[in-house]
Amino acid sequence: MTTLTAAERSSSSSSSTYRRFLSRHISWVPVFAAVAILIIMIAGSMAYFPNFQLPRIMSSILLDNAYLLVLAVGMTFVILTGGIDLSVGAVMAFTGILCAKLLGEGVPVVVAVPAMVLIGAAIGLLIGVLVQFFDVQPFIASLIGMFLARGLAFVVSLESIKVENEGILWLQSTRFSFAGWYITPTGIIALLTVAIAAFVLRYTRFGRTVYALGGNEQSARLMGLPVVRTKLSVYVISGVCAGLAGIVLTAYSGAGYPLNGVGTELDTIAAVVIGGTLLTGGSGFVLGSMIGVFVYGLIRTIISFSGAEQSWTRITVGALLLLFVVVQRIIVSRSALSR
Amino acid sequence: MKKFLTHRLVWPIAALIALIAINTISRPSFLSITVQNGQFYGSLIDILRNSAPLMLVALGMTLVIATRGIDLSVGAIMAVSGAVALTIIEASPEPGNLAVVMIAIVAAVGTALLLGVWNGFLVSVLGIQPIIATLVLMLAGRGVALLITKGFITTINSDPYQFMAQGYVLGLPFAFYVSIVAVVIVGVLERRTALGMLTEAVGINPEASRLAGVRSRGIIWGAYIASGTLAGVAGILYSSNIMAADANAAGLYIELDAILAVVLGGTSLAGGKFSIAGTVVGVFTIQTLKSTITFLGVPPAVSPVFMAAAVLVVVLLQSPRFRALIHTAGRSAARPITRRPDAKVLS
């Protein structure tokens, strides 16, 4: 092992600056790859489809996938600690339909919306407690959350409930336009979530603990970091994001529906992974997840532009996911070698 | 007596018996089996018949989980397998011809086997985490199935194919025989040869078993191939039951039911020790639970709440911390408390 690294170093002296940059910023490499893919896809579709107007298309991708972006932010926290949260799609459906039902019964928005976020947090807490205190694998613990939330969504209503509350509809119907770009309050909520999460992960003690936990839980514990609190918190954050996403999706579609978000947890995980977050934890960025959501949205847009069948979306996302996982695998084994 | 109580199949079997008892009390006709034209009918026979696809999938899942893996793609493989079989039958001029049906089944199971090879390649050769490696196919598989059926729900009319899920042999459903044959083959391979022990060795510590000379790569690969192939057969049973290939609905969430069945049967998700008999009991428990929920008049859509409660109880019972909590709660009180969570499953 040592001889190999020594040989590698001597042979690469010519490009050592480049190598040093790469090895210092190895966690940014997958994000760069995602950005490169996004740019190639945008350039390709602008060349191929004459009526592909960048501002309009990108704005609509943000609005159509605002809920996914919110979910991806929460999922990024969980995956950074090395966990996984399968419950997000179902929690989103549950809070969405419950919100629609409460609003329909005359509950004011200022009560209903915070209540949904709290419900999301409660389900997240349940998952976190199972993971942290009862050593249940995150996969199984969040599976319980998923079954629970999906069933409860159907308890609320078996059919979709239309939203007629002006406060919620305002979130989607208001448009702020600027030079071809436009955004609605739901899009602003999504971007704000990203901004807050990026700040928390980059500049707070909590954020650094999240990375430390994903890097090596044992070391984090020995360093005296608050492992228990942090691990519980990431699942609560994911739950809060899922609750928020439920409101965003309800505003977007104008109705709550118990079958919303079937399979969304997989799309979310795919977006986070495509955005360069390592599934083993410890490395990744919320901004990367945002890129991942845009790549996902752009794939869907391109496929509908080209008139191909929508089934190609899933195949393309699957193929891209595979590509990124293999790239990550190579990066991880390389950085393990150079250590 | 103590040895009997600590046997790992005791709790799964107790749960199953309790479920059946509750059913029998709430509707005495539950246990009754009637004979019509030499064929048995009744709730229990329905459970045997309906549990066949889940049994096949759970069997493969047991092997994969024993190697410390997980296979999320089984539902998608079921969809692909059903789509392949029905497309071949639909394209042939004689859908009722036995040879055509045989070709369709072989092609479908062969495709499923290849998908299992693909999963195993990603996990055992490229070393990708099982959840993610199989997630790729879980995402893409239904897309492929939709492409095969060209986005439609392909329906066919073929008596030999229909026989797979709805036919009877010697009074019992043919699908039940298929699942039993699979259980026996896997059981003999894993328990009458050294394969089972090697699988457990790989699951307990892949690195140590590799150093000890076990070809862990081949064993892990084989587990995913078995899982894919069995899911392919399950897909044929599913599509035969509804006589249609529905790429979106076939095997939806069956991976979760299968994982639940494996866990109910006492196999640890951490890999290593596995129990095929436990999985069989787990599958019957889930199928009975489902039919109970339906009978109670609960909309099928709400049943995930009950499933959540069931998994919650099972994982808590498996958790050392929870057991310790019960223990400290008082030795004399330990027994009633350990029983209480089980009662929760059933209510």
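Quantities reported herein were computed from a predicted structural model and do not represent experimental measurements. First the proteins, then the strands, lettered A, B, ... as listed; each starts at 1.
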**Q** If you count heavy-atom pairs under 4.5 Å between each of A:Ile140, A:Val273, A:Thr316, A:Val326 and chain B, which one has the most?
**A** A:Ile140
**Q** Less than 4.5 Å to any heavy atom of chain B: does that hold for the side chain of A:Leu320, its backbone, both, or neither?
**A** neither
**Q** Quick check on A:Ile269 against chain B: is it the side chain, the backbone, both or neither that has a heavy atom closer than 4.5 Å?
**A** side chain
**Q** Under a 4.5 Å cut-off applied to non-hydrogen side-chain atoms, are A:Phe139 and B:Ile70 in contact?
**A** yes
**Q** Under 4.5 Å from any heavy atom of chain B, what part of A:Val136 do you find: side chain, backbone, both or neither?
**A** side chain
**Q** Of the backbone (N, CA, C, O) and the side chain (C-beta and beyond), which part of A:Leu86 lies under 4.5 Å from a heavy atom of chain B, both, or neither?
**A** neither
**Q** Sort out for me which of B:Ile132, B:Leu122, B:Ile131, B:Leu146 touches chain A most, counting heavy-atom pairs under 4.5 Å.
**A** B:Ile132
**Q** Would a 4.5 Å heavy-atom cut-off, applied to side chains only, mark B:Ile128 and A:Leu279 as touching?
**A** no
**Q** Under 4.5 Å, counting heavy-atom pairs only, tell me which of A:Gly318, A:Ala149, A:Ser311, A:Gly263 racks up the most with chain B.
**A** A:Ser311
**Q** When only pairs under 4.5 Å are counted, which of A:Phe154, A:Phe134, A:Phe133, A:Trp312 shares the most heavy-atom pairs with chain B?
**A** A:Phe134
**Q** Hey, are the side chains of A:Val325 and B:Leu135 touching, using non-hydrogen atoms and a 4.5 Å cut-off?
**A** no
**Q** Taking the side chain as every heavy atom from C-beta outward, state whether A:Arg150 and B:Val305 have any atom pair closer than 4.5 Å.
**A** no
